[in-house]
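None of the values given here were measured: they were computed from a predicted structure.
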Amino acid sequence: MNDKKVIWITGASSGIGRSLALKFAKEGWTVAASDIQENLLHELDNENENIHSFPLDVTNAEKCKIVFNNILNKFNDVEICFFAAGINDPESEKSFNLISIKKIMDVNYFGVMNSINSIYEHYNKKKSGQISVISSVAAFRGLPKAGAYCASKSALTAFMETLNFEMRKINVKVSIINPGFIKTAMTDKNDFWMPKLRPSKFAAEKIYIGLIKDDTFEINFPKPFTTFMKFLGILPYKIYFKIYETMYKILKVRGY
């Protein structure tokens, strides 16, 4: 019998997912950590006795159900489900690469759908708990050389907005995380300037507070950058495109 609160985190082997798993574990939570990279997942498992590995490829809908049932069987309940599995491929985004587009959508969007599908009935019966996912400020507008990534996050955000209407009726909290640039293995692939870049531990602290203490649909950080991106999101297309063209020219001159 597990007497600690339980959080299930996908994408837990690296980046924000890993830092968040360690944060919750240090705060005394039981962490069910899932990821496709089993070797990194087991390394995380060994760092804190409160973390338990449940290897998972989120693109496999049936395996998502099996893993969630295994977590329930072991810990009896899951208070928070936090879905952070995601990928990006900056090089392939520089051209139209259909294989890469499908892969990004399969992990970033359908991987989350598979995960939510696995917990949907449980939370409908339980009528309490939290479902939270990592989206991005990239969901606010289409960005240069990031078509598939922006599309996956935009679709995810729209779905979670809709899910929120439904879950609020049964006392289940829904939230999205819209981080700016966080230093991870994913952002290490970027070859462009990343303003207000923050470490993953910074993100984990912000997310922990948002999930535990705040009652809000959106958790975003760092505020100066996310506020600017929100501003771009409401601009008319003509102004938005002009601003980005001007920014691109300035950054090119400065060597970014």
Considering residues at least two apart in sequence or located in another chain, which fulfil the side-chain contact (heavy atoms from CB on, under 4.5 Å) criterion with [X]?
X: Asn60; result: Glu62, Lys63
X: Phe165; result: none
X: Ser128; result: Lys126, Asn171
X: Glu205; result: Lys23

Give a yes or no on whether the backbone of [Y] and the side-chain of [X] come within a donor-acceptor separation of less than 3.5 Å.
X: Asp89; Y: Ser100; answer: no
X: Glu79; Y: Lys5; answer: no
X: Ser118; Y: Ser115; answer: yes
X: Thr216; Y: Glu218; answer: yes
X: Arg141; Y: Leu232; answer: yes

For this session: Report the C-alpha separation of Ile131 and Lys173 in whole Å, then their side-chain angles, then the decisive distance to 0.1 Å, and conclude whether the side-chain contact (heavy atoms from CB on, under 4.5 Å) test is met.
Result: CA-CA 6 Å; Ile131 304 170; Lys173 180 181 175 182; over 6 Å; no
For residues [X] and [Y], report the shortest heavy-atom separation together with the two atoms involved.
X: Leu197; Y: Lys183; value: CD1-N, 3.6 Å
X: Ile16; Y: Ala203; value: CG1-CB, 4.0 Å
X: Val78; Y: Tyr123; value: O-OH, 2.8 Å
X: His52; Y: Lys74; value: ND1-NZ, 3.7 Å
X: Gly17; Y: Ala84; value: CA-CB, 4.4 Å
X: Lys206; Y: Ile219; value: O-CG2, 4.0 Å

Would you give the length of the straight line joining atom [atom1] of [X] to atom [atom2] of [Y], rounded to the nearest 0.5 angstrom?
X: Ser136; Y: Leu156; atom1: OG; atom2: CG; answer: 10.0 Å
X: Phe24; Y: Phe82; atom1: CZ; atom2: CZ; answer: 8.0 Å
X: Ile119; Y: Asn114; atom1: CD1; atom2: CG; answer: 12.0 Å
X: Phe225; Y: Lys230; atom1: CZ; atom2: NZ; answer: 12.5 Å
X: Leu163; Y: Arg168; atom1: CG; atom2: CZ; answer: 12.0 Å
X: Asn50; Y: Ile7; atom1: CG; atom2: CD1; answer: 12.5 Å

Exercise. Does atom NZ of Lys65 have more than 12 heavy-atom neighbours, drawn from other residues, nucleotides or ligands, at distances under 6.0 Å?
Worked result: no
Exercise. Would you say Leu98 has more than 12 foreign heavy atoms packed within less than 6.0 Å of its CG?
Worked result: yes
Exercise. Do Ser135 and Thr157 pass the side-chain hydrogen bond (donor to acceptor under 3.5 Å, both in side chains) test, and can you show the C-alpha distance, the side-chain angles, and the key distance before you say yes or no?
Worked result: CA-CA 6 Å; Ser135 187; Thr157 293; 2.7 Å; yes
Once ring pair (Phe, Tyr, Trp, His ring centres under 6.0 Å) is applied, do any residues pair with [X], and if so which ones, sequence neighbours excluded?
X: Phe228; result: none
X: Phe217; result: none
X: His122; result: Phe68
X: Tyr237; result: Phe241

ILVMFWY cluster, [X] and [Y] together (side-chain gap under 4.5 Å):
X: Ile51; Y: Val67; result: no
X: Ile182; Y: Ile9; result: yes
X: Ile176; Y: Val172; result: yes
X: Leu211; Y: Ile209; result: no

Can you find a heavy atom in the side chain of [X] that is under 4.5 Å from one in the side chain of [Y]?
X: Lys102; Y: Met105; value: no
X: Asn97; Y: Ile101; value: no
X: Ile177; Y: Asn220; value: no

Seminar exercise, completed: Sorted by chain and residue number, the side-chain hydrogen bond (donor to acceptor under 3.5 Å, both in side chains) partners of Thr227 (sequence neighbours excluded) come out as none
Could you pull out all donor-acceptor pairs under 3.5 Å where a side-chain atom in residues 33-41 meets a protein atom, sequence neighbours excluded?
from	atom 1	to	atom 2	distance (Å)
Ser34	OG	Trp8	NE1	2.8
Ser34	OG	Phe54	O	2.7
Asp35	OD1	Ser13	OG	3.1
Asp35	OD1	Gln37	N	2.9
Asp35	OD2	Ala12	N	3.3
Asp35	OD2	Ser13	N	3.3
Asp35	OD2	Ser13	OG	3.1

Using atom types as modelled, flag every donor-acceptor pair under 3.5 Å from a side chain in residues 144-155 to any protein atom, sequence neighbours excluded.
from	atom 1	to	atom 2	distance (Å)
Ser152	OG	Asn108	ND2	3.2
Ser152	OG	Ala148	O	3.4
Ser152	OG	Tyr149	O	2.7
Lys153	NZ	Ile134	O	3.0

Exercise. What orientation do Phe221 and Phe202 show, parallel under 30°, tilted 30 to 60°, or perpendicular over 60°?
Worked result: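 Plane angle over 60°, so perpendicular.
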Problem set entry | Full working for side-chain contact (heavy atoms from CB on, under 4.5 Å) between Leu22 and Leu44 | CA-CA 8 Å; Leu22 290 170; Leu44 175 64; 3.7 Å; yes
For this session: Carefully, step by step, assess Lys127 and Asn124 under the rule side-chain hydrogen bond (donor to acceptor under 3.5 Å, both in side chains).
Result: CA-CA 5 Å; Lys127 292 182 168 46; Asn124 263 284; 5.7 Å; no
For this session: Can you sort out the partners of Glu91 under salt bridge (charged side-chain N to carboxylate O under 4.0 Å, His left out), two or more places apart, ordered by chain and number?
Result: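 Scan of Glu91 (salt bridge (charged side-chain N to carboxylate O under 4.0 Å, His left out), adjacent residues dropped) gives Lys94.
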For this session: Go through the side-chain N and O atoms of Thr59 and Asp57 and say whether any donor and acceptor fall under 3.5 Å apart.
Result: yes
